[in-house]
Protein chains: 2
Amino acid sequence: MARMATTSDVFNAVAEPRRRLILDLLSQGERSVSDIARSLGLKQPQVSKHLRVLRQVGLVSVRGSGQQRLYSLNGEGLKPVHDWVGRYERFWIESLDRLADYLDELQRKEKSDEHPD
Amino acid sequence: MARMATTSDVFNAVAEPRRRLILDLLSQGERSVSDIARSLGLKQPQVSKHLRVLRQVGLVSVRGSGQQRLYSLNGEGLKPVHDWVGRYERFWIESLDRLADYLDELQRKEKSDEHPD
DNA sequence: TTTGCATATGCCCATATGGGAATGTAGTCC
DNA sequence: GGACTACATTCCCATATGGGCATATGCAAA
């Protein structure tokens with residue numbers, strides 16, 4: 001076997017820095033391919049390829065508009081990453097106020113786990 | 001150029017599922033290589049290789065203890081991932097009132113991580 | 001249809017992978 | 001010293017990559 005495909009899951013798709021930049025850009029709103037290419041200083045084919053990967057893992061959606069294709073972010077797709085890395089928050093949360101917030105949220109989570117109504 | 005090295009940054013290191021499992025295991029405390037291999041059902045050389053990658057990006061530390069090598073988690077190394085993905089929280093959390101709904105959906109979505117084209 | 005712009009795709013290639021198996025190395029105990 | 005255990009490393013290989021570049025496709029206007 002070789003390395004896992006970048007289209008296998010969100011973690012792999014997001015491991016590529018340019019794809020993260022594309023997502024960052026799209027978080028500001030819909031963009032065309034050439035827009036993205038210009039903004040990030042990338043060649044159009046590369047952008048199309050990256051967008052393809054992002055599409056395949058469900059991180060972006062496309063919408064045709066004339067001869068352009070407008071890509072938009074599908075932010076919820078990043079939730080698995082957020083959920084996983086969130087379990088490690090305790091390793092860098094130190095300030096007391098932020099810790100309070102953290103504990104508060106933790107408590108809510110536990111409560112809604114016990115009483116899922 | 002080819003794909004970016006898994007040792008290039010934390011994002012790439014964490015893209016590999018088994019490495020995430022190793023980190024999850026280490027979040028419970030120090031473990032020896034053979035402990036990890038047994039717990040995850042992996043061969044010892046593979047575990048050593050994965051640990052090497054995790055070491056190179058600073059996610060784990062080693063400590064010699066007799067003829068064993070005890071690996072421990074360096075959780076702060078995951079902060080860049082958390083910080084980046086945290087900027088997308090708004091896409092799945094609308095309000096704190098919906099936190100319960102959010103948690104429910106989170107658990108349901110654990111299964112459907114793949115998104116075909 | 002023809003022309004032209006916007007995207008997508010195909011091809012080539014250097015590179016890195018992760019698994020298996022074998023081997024090397026280090027530390028312990030006799 | 002030798003035997004044994006715990007890890008690390010090396011070699012081989014099938015596979016996927018991402019960039020450059022050329023080209024196909026899609027869509028619209030003349």
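Convention: sequence-line order gives letters A, B, ...; per-chain numbering from 1.
Look at A:Arg52 and you won't find any side-chain N or O under 4.0 angstrom from OP1 or OP2 of C:dA8. For B:Tyr71 and D:dA6, the shortest distance from a side-chain N or O to OP1 or OP2 is not below 4.0 Å. A close approach under 4.0 Å does occur between a side-chain nitrogen or oxygen of B:Ser32 and OP1 or OP2 of D:dC7.
Between atom CG of residue A:Leu51 and atom CG of residue A:Leu59 there is a gap of 11.0 Å, rounded to the nearest 0.5 Å.
By the 4.5 Å heavy-atom criterion applied to side chains, A:Thr6 and A:Glu16 are not counted as neighbours. Counting heavy atoms from C-beta on, the side chains of B:Asn12 and A:Arg3 come closer than 4.5 Å.
Partner B:His50 forms a side-chain hydrogen bond (donor to acceptor under 3.5 Å, both in side chains) with one of B:Arg19, B:Arg18, B:Arg55 and no other, that one being B:Arg19. Each of A:Val14, A:Leu78, A:Leu23 was scored for a side chain to side chain contact (heavy atoms under 4.5 Å, CB included) with B:Val85, with one residue passing: A:Leu78. For the pairing with B:Tyr71, the side chain to side chain contact (heavy atoms under 4.5 Å, CB included) check across B:Val62, B:Asp35, B:Val47 returns one residue only, B:Val62.
In this structure, the CG atom of B:Leu51 is 13 Å from the C1' atom of D:dA6, given to the nearest Å. Between the CD atom of B:Gln56 and the P atom of D:dA8 there is a distance of 12 Å, given to the nearest Å. In this entry the distance linking CD of A:Gln67 with P of D:dC27 reads 10 Å, nearest Å. When the P atom of C:dT7 is taken as reference, atom CZ of A:Arg38 falls 9 Å away, rounded to whole Å.
The heavy-atom pair separating B:Ile36 from B:Ile22 by the smallest distance is CG2-CG1, 3.9 Å. Residues A:Val33 and A:Ser48 share a closest heavy-atom pair of CG1-OG, 3.8 Å. The two residues B:Ser65 and B:Leu70 make their nearest non-hydrogen contact at CB-CD1, 3.8 Å.
When the nearest nucleotides of DNA chain D are assigned to B:Val47 and A:Gln68 by heavy-atom distance, the more 5′-ward of the two goes with B:Val47.
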In 5'-to-3' order, the base (B), backbone-only (S) or no-contact (-) status of each nucleotide in nucleotides 16-25 of chain C, using a 4.0 angstrom heavy-atom cut-off, is SBBBBBB---

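When the nucleotides D:dC27, D:dA8, C:dA8 are ranked by their closest atom to the side chain of A:Arg69, C:dA8 comes out on top.
At the heavy-atom level, B:Ser34 lies under 4.0 Å from the strands shown only through sugar-phosphate atoms.
The stretch residues 20-31 of chain B has no heavy atom under 4.0 Å from DNA chain D, so no residue of it qualifies as close.
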